[in-house]
Colleague: 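The following block contains the structure, expressed as structure tokens.
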Amino acid sequence: MRIIHLSAECYPAAKAGGLADVVGSLPKYLNQLGDQCEVVIPKYDNQWISSQNYKNIHKGSFKMAEEEVRFSVLKMKEDKLGFPFYVIDIPGRFDRPGIYIDPWSGRGYWDELERFVSFQIAALEWIKDEKKDPDIIHCHDHHTGLVPFMLSQCNRYRSMSGIPTVLTVHNAEYHGEHELDNYKLLPAFNIDNVGLLDWNGHLNSLAAGLKTAWKITTVSKNYMSELSENSNGLEMLFQQERQKSRGILNGIDTEVWDPASDALIEYNFSYKDRKKGKRKNKEYLCKEFGLNPDLPTISFIGRLVREKGADLLPDLFKQVMYSDQEVNFVLLGTGDPQLHQIFSGMAGDHVGYFDATLEYNEQLAHQIYAGSDFILMPSRVEPCGLNQMFSMRYGTVPIVRSVGGLKDTVQDISEDNGYGITFAEFNLEAATVAIERAVELYKDPKEFSKVLSTIMKLDFSWKRSAREYIDMYEALTQK
Ligand code: GLC
């Protein structure tokens, strides 16, 4: 089956979060199972994208409101990602370094809507002009949520209206919400149907996609059921569209995330020499940060935003550090400038126990997974979460709030065959108890080593989930 994935991110070309990891790996595994997936993203001006070789395969132009937009489609010459990879070059809109945020100002780009509308129209123009005729168009998050709308409503794409569309929701906190008047950016459609773009009086790209896609998926079963109760204002819509929706748990790319061959970590190790491997990576990590490798080391990796519970961390870390327990904390991530300030201050105040690296650093992330004892994810919202799966593959025990996909992937050590530490309430007390339980576990070498052995044997590969996508694609094309 020929499937075109349209997305704002794809690892390793452009990554802001887990969306990139999924779009960079699911198509590869689907192709290994016999599908023919291709991935299309905008051509950002970043180092990875600029350093590849491309063939210019298509040029086109279209009108977006009053503006004449020119674009070209470039195909990467080498096939090193496991799928044909295309970037769409739209001068004036995407020849900037950031995906969503301007790295110089730290703010979102002012023309977010125009950028992603132009990307979506360009993709459809290309598919139409080249008569690519895919079996499925698979869209990811609100940045591509207007594609199902345009295919079903715009006269210009009537010939393609029979192509089934899938919209995967990786994060329903972000909607791509703008003034309704912006519908004028889209190619002509019957204005009586403008309501399909509208949610609470605004143009809402995610809502439009949810209403018009043939199928909706999200990235874990538990998140699917949470969306009807908590989706930043879209609860009713998720309830309405329940029939065509399903949760499919993400997998991870077990070729990229393999401690036995990962070139980004200091010491490679496998299940067999896990204890030695963990110890050596931990010693290396602790040396880098001036920490004592005999203490339990708890790390946080991720965007420093409310959704991930990053605002709970300063008080949580301080509370533990001022108690009589000795613990190392390592933090890696970027986000809220106020939190940056707090964490920098804390790193100065707690030398030897806490260190923060306030940047996006893929290599350091791998080393932290390999060298930590625990990974902490106190998320308010977590559609799937990949960090807990990466960390378990690297023998690092997850401490997570039981929410979204974290609930589907981490079982508490108090249960039979449990292998992680979970807590239910989002508050300081609950998170502190979770850390205390982690320290207790660490101090019991027999139990700790049992958990290490269990987590390293768990299978978080795409094998099972890729099958679920295939079943869905097949059901869609048999209609
Ligand atoms: C988003 C979600 C995360 C999920 C990822 C991939 O980043 O916040 O939970 O794992 O998308 O689907």
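Nothing fancy with the numbering, it's 1 onward along the sequence. Given the structure is predicted, the values throughout are model-derived calculations rather than measurements. We count ligands from 1, going down the list as the structure has it; atoms in each ligand are counted the same way.
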Colleague: Going by the salt bridge (charged side-chain N to carboxylate O under 4.0 Å, His left out) test, name the single residue among Lys28, Arg393, Lys463 that passes it with Asp253.
Modeller: Lys28
Colleague: If the threshold is 4.0 Å, N to carboxylate O, is there a salt bridge linking Glu112 and Arg115?
Modeller: no
Colleague: Using a strict cut-off of less than 4.0 Å between a Lys/Arg side-chain nitrogen and an Asp/Glu carboxylate oxygen, indicate whether Glu425 and Arg401 qualify as a salt bridge.
Modeller: no
Colleague: May I ask you to decide whether Arg246 forms a salt bridge with Glu468, counting only side-chain N to carboxylate O separations under 4.0 Å?
Modeller: yes
Colleague: Just list the N/O pairs, ligand 1 to protein, that are under 3.5 Å apart, with the distance for each.
Modeller:
| residue | atom | partner | partner atom | Å |
| --- | --- | --- | --- | --- |
| ligand 1 | 8 (O) | Lys308 | NZ | 3.1 |
| ligand 1 | 9 (O) | Glu382 | OE2 | 2.5 |
| ligand 1 | 9 (O) | Pro383 | N | 3.4 |
| ligand 1 | 9 (O) | Cys384 | N | 3.0 |
| ligand 1 | 9 (O) | Gly385 | N | 2.8 |
| ligand 1 | 10 (O) | Gly385 | N | 2.8 |
| ligand 1 | 11 (O) | His170 | O | 3.4 |
| ligand 1 | 12 (O) | His170 | ND1 | 2.7 |
| ligand 1 | 12 (O) | Asn250 | ND2 | 2.8 |

Colleague: Tell me, please, whether Tyr271 has Arg274 positioned over its six-membered ring: NZ or CZ under 6.0 Å from the ring centre and within 45 degrees of its axis?
Modeller: yes
Colleague: Could Glu382 and Lys308 be called an ion pair, given the rule that one side-chain N must be under 4.0 Å from one carboxylate O?
Modeller: yes
